[in-house]
Amino acid sequence: MSSAPHLSEISTRTDLTDWGLQPDMIEGQSHSSGILVHKGPDNRPEIGAWVCTPGRWRLTIPRDEFCYFVQGRAVYRSDAGESIEVTPGTAVLFPAGWVGECTVEETLRNTYYLTDREPES
């Protein structure tokens, strides 16, 4: 057990857990896998690495989520009409309650930090 949980070689790791098909698919069959660095009480916060194959689906971000993309290409489109293109080196903070679609064009790899903060009522 490390005093500072960490993952190395994020862009090439193969010891990932199968997380199954993305829910709410619109097109294709995106498949996810990943590995956790840390999961707090009640899964808050959660930190890990995520890999997802091409496809398009609907999503709602449940809590603030910071993502740093290390591989692949995708476009996130909010229901408000904004498009966010992600490529290696892109960092995005999706606020709690963000709603839209994700289109993965090339298999994505990212590190993520899912915070405690939920959408405000």
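The structure displayed is predicted, hence computed values, not measured ones.
- For the atom pair Glu9 CD and Thr14 OG1, the distance stands at 9.5 Å (nearest 0.5 Å).
- Contact check for Val86 versus Arg73: no side-chain heavy atoms found under the 4.5 Å cut-off.
- Going from atom CG of Asn110 over to atom OG1 of Thr90 covers 10.5 Å, rounded to the nearest 0.5 Å.
- Put simply, the side chain of Val51 reaches to within 4.5 Å of the side chain of Leu16, judged on heavy atoms.
- A 4.5 Å side-chain heavy-atom check between His38 and Pro45 finds at least one atom pair inside the cut-off.
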- request: Step by step, work out the side-chain contact (heavy atoms from CB on, under 4.5 Å) result for His31 and Thr107.
  value: CA-CA 9 Å; His31 188 265; Thr107 298; over 6 Å; no
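- In this structure, CD1 in Ile61 is found 11.5 Å from OG in Ser78, a value given to the nearest 0.5 Å.
- Checked against the 6.0 Å centroid criterion, the rings of Tyr112 and Tyr68 do not qualify as a close aromatic pair.
- No donor-acceptor pair under 3.5 Å is formed between the side chain of Thr53 and the backbone N or O of Ser30.
- With Ile35 as the partner, the side-chain contact (heavy atoms from CB on, under 4.5 Å) test is satisfied by one option alone out of Leu7, Thr111, Ile10, Thr17: Leu7.
- Atoms CG and CG, from Asp18 and Leu21 in turn, are 8.5 Å apart once rounded to the nearest 0.5 Å.
- Of the inter-residue distances, the one linking Gln22 atom CD with Cys52 atom SG reads 4.5 Å to the nearest 0.5 angstrom.
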- request: May I have the step-by-step check of side-chain contact (heavy atoms from CB on, under 4.5 Å) for Gln71 and Leu108, ending in yes or no?
  value: CA-CA 5 Å; Gln71 188 177 45; Leu108 283 180; over 6 Å; no
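- The same ILVMFWY cluster, assembled from side-chain heavy atoms under 4.5 Å apart, contains both Leu59 and Val92.
- Note on Val99 and Leu93: separate hydrophobic clusters, where clusters join Ile, Leu, Val, Met, Phe, Trp and Tyr whose side-chain heavy atoms are under 4.5 Å apart, directly or indirectly.
- In this structure a side-chain-to-backbone donor-acceptor pair under 3.5 Å is present from Arg63 to Thr115.
- Across all their heavy atoms, Ile84 and Phe94 have their closest contact at CD1-CE2, 4.2 Å.
- Atom OH in Tyr76 sits 4.0 Å away from atom SG in Cys102 (nearest 0.5 Å).
- Salt bridge annotation for Arg56-Glu101: present, with a cationic side-chain nitrogen under 4.0 angstrom from a carboxylate oxygen.
- Between Pro88 and Val70, every side-chain heavy-atom pair lies at or beyond the 4.5 Å cut-off.
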Worked verdict on Thr60 versus Trp98 for side-chain contact (heavy atoms from CB on, under 4.5 Å): CA-CA 6 Å; Thr60 300; Trp98 189 96; over 6 Å; no
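- Nearest approach of Gly28 to Met25, heavy atoms of both residues: O-CE, 3.3 Å.
- In terms of heavy atoms, Ser32 sits closest to Trp50 at OG-NE1, 3.1 Å.
- When the shell of 6.0 Å around CD of Gln29 is examined, it contains 12 or fewer heavy atoms from other residues, nucleotides or ligands.
- Of all the heavy atoms in Phe69 and Thr87, the pair that sits closest is CB-O, 3.7 Å.
- The backbone N or O of Ser8 sits less than 3.5 Å from a side-chain atom of Arg13, completing a donor-acceptor pair.
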